[in-house]
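Residue numbers count from 1 along this sequence.
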Amino acid sequence: MNAAQDDDAVAARDRGAARARFREQLAQWMFIVPAAAYLLLFFGYPIVKNIVMSFQQYTTTTFYTGVAPFVGLQNYTRVLSSDLFSKVLVTTVLFTAGSIFGQFVLGLAFALFFQNRFPLGRVLRSLLLLPWLLPLVVSGTTWRWMLDPDTGVVNNALRDLHLSSSGIPWITGTSQALVSVILINIWVGIPFNTTILYGGLQDIPTHLYESARLDGAGPVASFRHVTWPLLRPVVSVVLVLGVVYTVKVLDIILVVTGGGPANATETIATQSYELSFQQFEFGRGAAMSNVLIVISLAFALVYLRANRRARNV
């Protein structure tokens with residue numbers, strides 16, 4: 001009798017444990033399924049649709065007829081062989097490299113500066129987030145007004161200081177326009193770099209700096225041998241995210257220069273927008289945007305692999 005009761009008790013415990021595991025797994029799936037459905041619906045479907053569209057002759061008539069003839073690689077051939085593509089590619093590289101370099105260097109400088117405790121330090125750190133919080137359209141419109149060749153406050157200040165009699169064509173000159181949008185994008189991206197790098201600096205143990213000072217290391221040596229090695233994982237994240245974000249910047253360029261003058265600020269992102277929503281060549285626009293996606297993924301994979309190898313050395 002006792003043996004049978006023991007067996008029943010063991011079976012009941014097993015059933016209870018199985019029900020507990022089932023409830024735990026059910027709770028886990030209740031969190032996973034909505035997130036997976038959201039990703040598939042709002043990220044997976046648009047990507048697949050964009051890929052399919054890039055192999056079709058997808059124009060405004062498609063919305064009425066529902067017919068989008070398959071054209072194979074014709075859209076990619078037309079996009080990659082166009083006279084404008086090489087210039088757009090170079091402009092994209094220059095815009096991305098200049099923006100990332102300026103954002104990272106200034107962001108790291110601000111992060112190191114805010115490590116020091118001083119009055120109103122938290123207030124200034126909060127104010128530094130302002131460019132990041134403003135909508136890009138607002139930021140672009142404000143900068144366009146400031147850099148206006150005739151009535152902009154920048155040129156007015158230069159004239160008042162007798163530094164320039166006629167002003168500088170910040171957004172109308174073919175040589176100055178690209179520099180202007182790069183500087184604006186640097187201004188927008190500094191808060192992100194500062195915030196992430198500042199958080200990484202807070203995770204570095206202070207006793208390492210004390211040990212370095214006892215060994216006679218100055219600020220430069222401490223940064224080289226303590227700060228930089230321990231900050232490299234954070235730097236990798238900042239650079240990869242910065243490139244992926246910057247290479248597709250659209251708002252600032254469209255608002256400030258519209259891709260001009262004479263296509264001086266035309267990038268792959270703005271060219272994709274122009275093909276899709278100004279020329280209504282949605283197939284070619286999708287092909288151009290897919291080229292942008294491939295470039296972003298290639299950079300991210302190469303950089304992450306190189307960084308992984310460096311950490312394993």
Side-chain angles (χ1 to χ4, degrees), residues 78-107 131-132 134-155 158 164 166-193 239 241-281 284-296 299:
R78 293 179 63 187
V79 164
L80 297 177
S81 61
S82 66
D83 297 334
L84 188 59
F85 180 76
S86 58
K87 182 177 181 179
V88 166
L89 181 61
V90 172
T91 303
T92 303
V93 172
L94 292 175
F95 176 78
T96 303
S99 298
I100 293 300
F101 177 79
Q103 292 173 1
F104 178 77
V105 171
L106 293 176
W132 196 20
L134 289 174
L136 292 179
V137 174
V138 175
S139 299
T141 303
T142 304
W143 276 103
R144 180 179 176 84
W145 169 73
M146 293 174 59
L147 297 178
D148 187 273
D150 300 320
T151 61
V153 295
V154 175
N155 275 345
L158 293 176
S164 176
S166 59
I168 298 175
W170 297 104
I171 57 178
T172 57
T174 55
S175 301
Q176 295 84 358
L178 181 59
V179 176
S180 298
V181 292
I182 289 175
L183 292 177
I184 296 172
N185 196 53
I186 289 174
W187 177 81
V188 171
I190 286 175
F192 171 78
N193 285 260
L239 292 179
L241 293 179
V243 169
V244 172
Y245 171 78
T246 304
V247 77
K248 64 181 183 64
V249 166
L250 178 67
D251 314 59
I252 292 175
I253 297 177
L254 285 183
V255 172
V256 177
T257 64
N263 299 318
T265 58
E266 193 84 51
T267 64
I268 295 178
T270 59
Q271 181 66 11
S272 176
Y273 173 85
E274 180 180 338
L275 289 171
S276 297
F277 301 107
Q278 293 183 359
Q279 300 181 21
F280 301 111
E281 293 284 348
R284 291 171 60 196
M288 182 68 83
S289 65
N290 287 333
V291 171
L292 187 63
I293 292 174
V294 170
I295 292 174
S296 300
F299 175 84

Novice: Compare all side-chain heavy atoms of Ile171 with those of Pro149 and state whether any distance is below 4.5 angstrom.
Specialist: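 Ile171 reaches Pro149 side chain to side chain.
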Novice: Are the side chains of Leu89 and Ile295 in touch, meaning some heavy atoms are under 4.5 Å apart?
Specialist: yes
Novice: Can you find a heavy atom in the side chain of Asp148 that is under 4.5 Å from one in the side chain of Asn155?
Specialist: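 No, side chains not in contact.
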Novice: Out of curiosity, Trp170 CH2 to Leu158 CG, how far, rounded to the nearest 0.5 Å?
Specialist: 6.5 Å
Novice: With a 4.5 Å heavy-atom cut-off, do Leu292 and Met288 have their side chains touching?
Specialist: no
Novice: What's the separation between atom CZ in Phe104 and atom CD1 in Ile190, rounded to the nearest 0.5 Å?
Specialist: 13.0 Å
Novice: Decide yes or no on side chain to side chain contact (heavy atoms under 4.5 Å, CB included) for Val249 and Thr267, but give the supporting numbers first.
Specialist: CA-CA 9 Å; Val249 166; Thr267 64; over 6 Å; no
Novice: Decide side chain to side chain contact (heavy atoms under 4.5 Å, CB included) for Val138 and Thr141; before the verdict, give the C-alpha distance in whole Å, the side-chain angles of both, and the deciding distance to 0.1 Å.
Specialist: CA-CA 5 Å; Val138 175; Thr141 303; 5.9 Å; no
Novice: Is there a donor-acceptor pair closer than 3.5 Å between any side-chain N or O of Gln103 and the backbone N or O of Asn185?
Specialist: yes
Novice: So which atom in Val255 and which in Gly140 form the shortest heavy-atom distance, rounded to 0.1 Å?
Specialist: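 Scanning both residues, the minimum pair turns out to be CG1-C, 3.5 Å.
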Novice: How far does CG of Leu84 sit from CD of Gln271, to the nearest 0.5 angstrom?
Specialist: 5.0 Å
Novice: Name the one of Asn263, Thr265, Thr270 that satisfies side chain to side chain donor-acceptor pair (under 3.5 Å) with Thr257?
Specialist: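 Exactly one pass, corresponding to Thr265.
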Novice: Measure across Ser139 and Leu134 and return the closest heavy-atom pair with its distance rounded to 0.1 Å.
Specialist: OG-CB, 3.6 Å
Novice: Minimum heavy-atom separation for Ala264 to Thr174, with atom names?
Specialist: CB-O, 3.6 Å
Novice: Is there side-chain contact between Val153 and Trp145, with heavy atoms separated by less than 4.5 Å?
Specialist: yes
Novice: Which atom names give the shortest non-hydrogen contact between Pro169 and Thr172, and what distance separates them?
Specialist: CB-OG1, 3.2 Å
Novice: At what distance, to the nearest 0.5 angstrom, does OG of Ser86 lie from CG of Leu80?
Specialist: 11.0 Å
Novice: Is there a side-chain contact between Leu147 and Ile184 (heavy atoms, below 4.5 Å)?
Specialist: yes
Novice: Is a donor on one side and an acceptor on the other found under 3.5 Å between the side chain of Ser272 and the backbone of Gly285?
Specialist: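 Checking the backbone N and O of Gly285 against the side chain of Ser272, a donor-acceptor pair under 3.5 Å is found.
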Novice: Counting C-beta onward and ignoring hydrogens, is there a side-chain heavy-atom pair between Trp143 and Trp187 closer than 4.5 Å?
Specialist: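 With C-beta onward as the side chain, the pair touches.
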Novice: Exactly one of Ile252, Ile182, Leu94 should register a side chain to side chain contact (heavy atoms under 4.5 Å, CB included) with Ser99. Which one does?
Specialist: Ile182
Novice: What are the two closest non-hydrogen atoms of Ile268 and Val88, and how far apart are they?
Specialist: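 Residues Ile268 and Val88, closest heavy atoms: N-CG1, 3.2 Å.
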Novice: With the side chain counted from C-beta on, respond yes when Glu266 and Thr91 share a heavy-atom pair under 4.5 Å apart, and no when they do not.
Specialist: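 No; the side chains remain at least 4.5 Å from each other.
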